[in-house]
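Lettering of chains follows the sequences in order, A, B, ..., and the numbering in each one begins at 1.
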Amino acid sequence: MNPIVVQHISKQYKSVEALKDISFEVKAGELFGLIGPDGAGKTTLFRVLTTLLLADTGKAFVNGRDVVKDYKLIRREVGYMPGRFSLYQDLTVEENLKFFATIFNTSIKENYDLIRDIYVQIEPFKKRPAGKLSGGMKQKLALCCALVHKPEVLFLDEPTTGVDPVSRKEFWEMLQRLKSKGIAILVSTPYMDEANLCDQVALMQNGQLLQINTPKGVVDSFAQPMWAIRADNMYQLISTARAFEDTQSCYAFGDSLHITLTNGTAQEEALATYLKEKNPGLTMERIQPGIEDCFMYLMKN
Amino acid sequence: MEAAYAITTDGLTKKFGDFIATNNITFQVKKGEIFGFLGANGAGKTTAMRMLCGLLKPSSGKATVAGYDVYTQTESIKLNIGYMSQRFSLYEDLTVSENIRFYGGIYGLTRSAIKTATAELLAKLALEKEAKSLVGSLPLGWKQKLSFSIAIIHNPAIVFLDEPTGGVDPITRRQFWDLIYEAAHAGVTVFVTTHYMDEAEYCDRVSIMVDGKIKALDTPAALKTTFGAATMNDVFLKLAREANQ
């Protein structure tokens, strides 16, 4: 049995269906990303899998153990980093790590191998209270604390939210190294660009999984031709592009707009002519859509 | 000359004990500009922003916001700016129109001005039907849009947006930027922080703070050229890496 097995899990809070019939599996040594905005149900799912919340229906197994019957064993065997910073703010870096090692009946020394790469980066601040660390440092410490008992399954709930791009990049590099040690990792994120760093992604919206696939598979499944357009005045470009009668979707992506048409490539020429007339400096090129394009398409359909 | 700028700073500095959170920063934000204020966690963005909003007294240097001095005219600053962050949002247990009335009052609008503004705002956001709904029952995207519209309900000269789109879905995030563009088009100066580097591209100019200092300030296109980078994300990574070495 795979380290994480989820079968038809549903959970309702009053009138809100937080999870609707969720099923997926995560293999050993796999980095599985749950990608979705706030309110998609990511945290609810984490809480079910870490035995902190009972699902209404469905079954789930972590490390081959039932999340309802074997909750005590699961709690011992998994690492969990909740979305909200969960460490003791008034304990130092070192004290927090010692504390987590102790409650899991182990020591920092025993599993130092696993955390060394990460811990050396925060070691210079080991006497600093956790509350005084910067966002990126806090996340590294929290990851160390979640790893100190050598878990076989790691649950990371939005570890990079609100973290700057540099710290985010470093954090993902660490996850790649952990994965290579055979740990199954379930990680959630609202940043679409991070989806590309996962082996498998599940796109989540309103309690449902829109698609489970490899990042490449997600992109390949997007059948619509897409163009990136640019012009000197982007504000004007977006309003003229949206006014074109065959425009299906048109959204800003960094320094360009991504546009799809209702009838594939049939109106490509017409669009180019129409846009050129109204927008000085226009450039238009056919592009491969990214994960974010796909997610937006799936959200609307 | 002064009147062309919504924000000016000259050597603005804030020290906490020995720690220099904001170190001698100098920049100007033009009226009607969308100005992206970027930086790593702990780079000093929040400290700088709090000084500009009149919430924190600088240690040294000068700054004016909407023409008012950050040392002596903080109350005038507060009346002439709007502020919105991901965390500081609306009251979930008040209705949409109650929130509008509350903030309208806080920003000093008269009762009749609030009434007019409420009708306009509800129509613009197509929220007429939800006027009596609790804000807590609205989807996050609607809350964000409502929150932004309320932050500019008093027609401020400048609106400060502190990570306004964190955790928001990609479609809503873009609709939110449509609102920002519209406000800027109407002449409101927008001062915005974000961790989404694609959003940095939507700004007219961007500054990047590293260790309390402004390390780069230019249009996104010029920054990409200067740093030989394809995207703003690469520019950011290059600057922040230099700082670590």
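- Only the side chain of A:Ile238 comes within contact range of chain B, with heavy atoms under 4.5 Å apart.
- With a 4.5 Å cut-off on side-chain heavy atoms, B:Asn233 and A:Pro165 count as touching.
- Between A:Glu292 and B:Arg173 the shortest side-chain heavy-atom distance falls below 4.5 Å.
- Enclosure of atom NZ in B:Lys132 is not indicated, since only 12 or fewer non-hydrogen atoms of other residues, nucleotides or ligands lie within 6.0 angstrom.
- With B:Tyr196 contributing its side chain and A:Tyr191 its backbone, the two residues share no donor-acceptor pair below 3.5 Å.
- Listed options A:Val163, A:Leu133, A:Thr189 were ranked by heavy-atom pairs under 4.5 angstrom with chain B; first place goes to A:Val163.
- Options B:His185, B:Glu182, B:Gln175, B:Glu199 differ in how many heavy-atom pairs under 4.5 Å they form with chain A, and the most are formed by B:His185.
- Figure legend: B:Arg174 and A:Phe253 shown as a cation-pi pair, the cationic atom lying under 6.0 angstrom from the six-membered ring centre and within 45 degrees of its axis.
- Of all residues in residues 212-222 of chain A, none places a non-hydrogen atom less than 4.5 angstrom from a non-hydrogen atom of chain B.
- We find that B:Asp178 and A:Arg242 are joined by a salt bridge, their nearest charged nitrogen and carboxylate oxygen being less than 4.0 Å apart.
- The distance from atom NZ of B:Lys45 to atom CG of A:Asp164, rounded to the nearest 0.5 Å, is 7.0 Å.
- The contact between B:Pro170 and chain A is made by backbone and side chain atoms together, counting heavy-atom distances below 4.5 Å.
- Between B:Lys224 atom NZ and A:Asp255 atom CG the span is 3.5 Å, to the nearest 0.5 Å.
- From B:Asp169, atom CG reaches atom CG of A:Asn206 across 9.0 Å, with rounding to the nearest 0.5 Å.
- Here A:Glu170 contributes atom CD and B:Leu237 contributes atom CG; the two are 9.5 Å apart, rounded to the nearest 0.5 Å.
- Contact of the A:Thr160 side chain with the B:His195 side chain is not registered, since no non-hydrogen atoms from C-beta on lie closer than 4.5 Å.
- The greatest number of non-hydrogen atom pairs below 4.5 Å with chain A, out of B:Thr194, B:Ile171, B:Thr231, is found for B:Ile171.
- From B:Tyr181, atom OH reaches atom CE of A:Met234 across 6.5 Å, with rounding to the nearest 0.5 Å.
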